[in-house]
Amino acid sequence: MGDFERSHSCDAISANLIDHEVVLAGWVQRRRDHGGVIFVDLRDRTGVIQVVFRPDASSKAHARAGALRSEFVLAVRGVIKHRSEETINLDIPNGDIEVVAADLALLNTASPPPFAIEDDPGVDESVRLQHRIHDLRRGPLQKNLSLRHRLTKAIRDTLCENEFTEIETPILTKSTPEGARDFLVPARQQPGEFYALPQSPQLMKQLLMIAGFERYFQIARCFRDEDQRADRQLEFTQVDLEMSFVKVENILKLLEEITWKGCLEAKGVELQRPFPRISYQDSMDRFGNDRPDTRIQLELTDLTEVFSKSDFRAFRGAVEAGGIVKCLPIHNADEISRGEIDRLEGFVKKELNARGLGWIRVAADGSWQSPIVKFLSENDKENISRITSASPGSLLIFQADTNARVNSILSRLRVDLGRRLRRVEPRDWDPLFVLDFPLFEEDEDQKLTYMHMPFVAPVEEDISLLETDPKAVRATHYDVVLNGYELGSGSLRNHRGDLQRKILGLLGYETEEMEQKFGFFLRSLETGAPPHGGFAFGLDRFAMVLAGTDNLRDVIAFPKTQRGQDLLLEAPSEIPFTLLDDLAIRVAKRKRN
RNA sequence: GGGGCGGUAGUUCAAUUGGUUAGAGCACUGGCCUGUCACGCCAGAAGUUGCGGGUUCGAAUCCCGUCCGCCCCGCCA
C-alpha cells in the first residue's frame with residue numbers, strides 16, 4: 001500500500017465530506033478516458049464512486065491513470081468535490097459528488113475479466129463457475145454471501161443466548177446403513193476399509209445428549225452422494241441442534257425464535273408470529289405436499305369417494321388399485337387455452353410420470369367441455385360440482401393414480417399455475433410449522449418403513465397404536481417451512497432402548513441385524529439417555545430463500561455443478577497410481593475421454 | 001440410470017438449412033478526444049465451430065459415439 005492508508009470505504013463517501021481528503025482503495029470498475037480527463041469508477045466491497053483524474057489537479061496521477069484497465073487494483077488520494085450542475089448523475093448513488101484525484105498508486109494490474117463485473121453479466125453459468133473469482137466480485141453474490149453471514153451469525157447468537165454449547169463432531173466417521181449414499185474416504189492404515197463423511201451429525205448429537213451436554217449446536221458440513229438439484233448440493237451446511245428434557249413445544253418455540261431472528265438480522269424482515277401450524281395430513285390434502293407455499297391461492301380437493309362409485313373405469317380403477325383421485329380446481333380460468341391444457345398434459349406425462357391429465361372446463365353457459373365428461377353420470381357431475389365448487393369459467397384438473405403420484409403432480413401444477421395466473425397473496429414471506437407426520441409409511445412393497453429416520457419418537461398417546469395400527473402412529477416430527485421450501489426438520493428421539501428396539505422391530509429388523517447395525521447406539525441409550533430432541537436447519541436453503549433466489553449456487557461461494565464438479569478447481573481429479581497404491585485401491589473403471 | 005434444452009472469437013449471438021475467406025455487438029489492442037458515467041470516433045487483432053469418428057467433391061450444418069452446462073424424473077429429507 002506504500003504511503004497510502006485507506007481512510008474510507010466507497011459507501012462512506014457522501015456530500016458531508018465535501019473538500020475532505022480521502023484515501024480509497026479498490027478495483028477499476030470502468031474507465032472512461034477522454035484524453036484530457038479520465039474518469040474511473042472505483043469499486044470496493046461497499047460500492048462504487050467516480051474518481052476523476054485531471055491534469056490540472058495532478059498531472060502525475062492523470063498520466064498514471066491512462067494505463068488503468070478494468071479490474072486493476074489501486075489506491076487513490078483525492079478530495080471529495082461536488083459535481084457541477086450539468087454533470088450530476090441522478091441514476092447512481094453518489095452521482096452528485098466525485099473524488100478529484102491528487103495521487104494514484106497502482107497496487108496491481110489485472111488480466112482482462114472474462115465478463116463484465118455487473119449485477120447481470122449476461123453469461124452462461126458455466127462461464128461464471130469457471131471464473132468464480134470474477135463472479136464473486138459481482139454485487140449480487142457479494143450481497144448474498146454477506147446475507148448468509150448475517151443469517152449464520154443471528155442463528156449462532158440466538159443459540160448462544162439460549163445456552164447452547166457449540167461442539168464439533170468428526171468429519172471422518174462411519175458409514176451408515178440407512179439414508180443417502182455415503183462419500184467414502186479410504187483408510188490408509190486399514191487397507192480396504194473406509195471412513196464415511198457424515199450425512200448429518202445425527203447420531204453424534206444424540207450421543208452428546210446422552211453424555212449430558214443438554215444443549216448442543218453445530219454449524220455442520222454434511223455430505224450426501226446423491227444427484228443434485230437446484231436446491232440440493234453434494235455438500236451442504238446444517239445448523240444442527242439438540243436439547244434434552246424438552247417437549248415438542250419447547251423446541252418449536254426456539255425454532256420460531258431462530259427463524260424470526262434470522263430473517264430479521266439477515267434481511268430486515270419481521271415475520272408474523274406465532275407461525276401458523278398445519279398438520280401433515282391437512283397439508284397433503286389441501287396442497288399435495290408437506291412444504292406448502294400457502295400464499296398460492298389454489299387448493300386441491302379429494303374426489304376418491306365420488307370416483308369409487310363412478311362408472312368411469314379409468315378413475316375407478318385407480319381407486320380400486322388403492323390409489324386416489326384428486327382435483328385442482330381453477331376458477332375463472334378462461335385465460336388457460338385449450339392448447340395450454342395440451343401442453344400441461346405433455347408436461348406432466350413427460351416430466352412427472354403422469355399417466356395422463358383429466359380435465360373439465362365449465363363453459364359460460366354452464367356446459368361441461370371435457371374428454372371425460374361422456375363417462376360421467378349426472379350424479380357424478382353433481383358431486384364433482386359440489387366438491388370442487390365448479391362454476392362457469394372453472395377449469396378442473398384431475399389426477400387418478402397412487403397417492404404419492406397424484407399429490408406430487410397436482411402440487412407441482414398448483415404452484416406452477418398459481419404463479420402463472422397470479423393467484424398468489426401479496427405477502428413476501430410465508431413461514432409455517434408442519435406437524436403430526438406419520439411415524440411410518442409404506443414402501444412400494446407395502447413394507448413398513450420410517451418416514452424420516454429410525455430414531456424419531458412417536459407421539460406419546462399413540463405409543464399403544466404401535467401394536468395395533470402402526471401406520472396410524474403420529475411422529476413427534478416437525479418441519480419449518482418458508483415460502484414453500486423446507487428449511488429443516490426435527491423431532492423428539494427415542495431415548496428409551498426398549499421403545500427404540502420395538503420401532504426397529506416394526507421396521508423389519510431381526511434381532512441379529514438390529515444388534516449389528518444399531519447395537520452400539522442401543523446400548524448407548526441404555527446408559528441413561530435423557531429425553532431429547534432437536535432440529536437441523538438447511539442453512540444454504542435458508543439463505544437461498546432469504547436471498548430471493550431459487551438456486552443454492554447463488555449463496556455458496558464455491559459450489560459444485562450438477563455433475564458434482566468444481567469447475568474452478570477442476571475437482572474431482574485423477575490420482576497418481578502411487579497414491580492409490582498407498583490406499584490399497586485399484587480403479588476398476590475409468591471415465592473415457 | 002432416464003427425459004428435455006444447450007455447447008460457434010474472451011463473451012453474447014448470427015451464419016439464407018450441405019456450398020467461396022465462419023460474421024456482428026460488447027470486451028480486448030493501438031490511435032484521437034477536458035465532463036463522461038454502457039463516453040464517443042478511427043483502426044486492428046481475435047476461431048481446433050466442445051471432442052472423436054463417419055457420410056460427402058464439400059460439414060458449424062447430416063449420422064454415430066463421447067465430454068461438458070442447466071432444468072426435471074428416479075434418487076435424496
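In what follows, every chain begins at residue 1, and chains take the letters A, B, ... in the order their sequences are listed. On a predicted model such as this, the values are computed, not experimentally measured, just so you know.
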inquiry  = Roughly how many Å apart are A59(B) and C68(B), using the C1' atom of each and rounding to a whole number?
reply    = 22 Å

task = Report the nucleotide, chosen from A77(B), U36(B), C73(B), that has the shortest atom-to-atom distance to any side-chain atom of Glu486(A).
result = A77(B)

query = The side chain of Glu351(A) lies closest to which of these nucleotides: G3(B), A77(B), U11(B)?
reply = G3(B)

key: Pair of N/O donor and acceptor under 3.5 Å linking G6(B) base with Asp124(A) side chain   = no

task = Taking atom P in both C73(B) and G54(B), compute the distance separating them and give it to the nearest angstrom.
result = 40 Å

task = State which of G3(B), C68(B), C70(B) makes the closest approach to the side chain of Gln565(A).
result = C68(B)

task = Would you check if His34(A) stacks with the base of C33(B), given a 5.5 Å centroid limit and a 30° plane limit, both strict?
result = no

ask   = Of the candidate nucleotides C75(B), G30(B), C70(B), which contains the atom at the shortest distance from the side chain of Arg229(A)?
value = C75(B)

task = Looking only at side-chain atoms of Arg224(A), point me to the closest of C75(B), C37(B), A77(B).
result = A77(B)

message = When the P atoms of G18(B) and G30(B) are compared, how many Å lie between them, rounded to an integer?
response = 43 Å

ask   = Is Glu441(A) salt-bridged to Lys447(A), going by a charged N under 4.0 Å from an acidic O?
value = no

message = Closest approach to the side chain of Pro55(A), judged atom by atom: which nucleotide of C70(B), G30(B), U34(B) is it?
response = U34(B)

task = Give the nucleotide from the list U34(B), C37(B), G3(B) with an atom nearest to the side chain of Lys350(A).
result = G3(B)

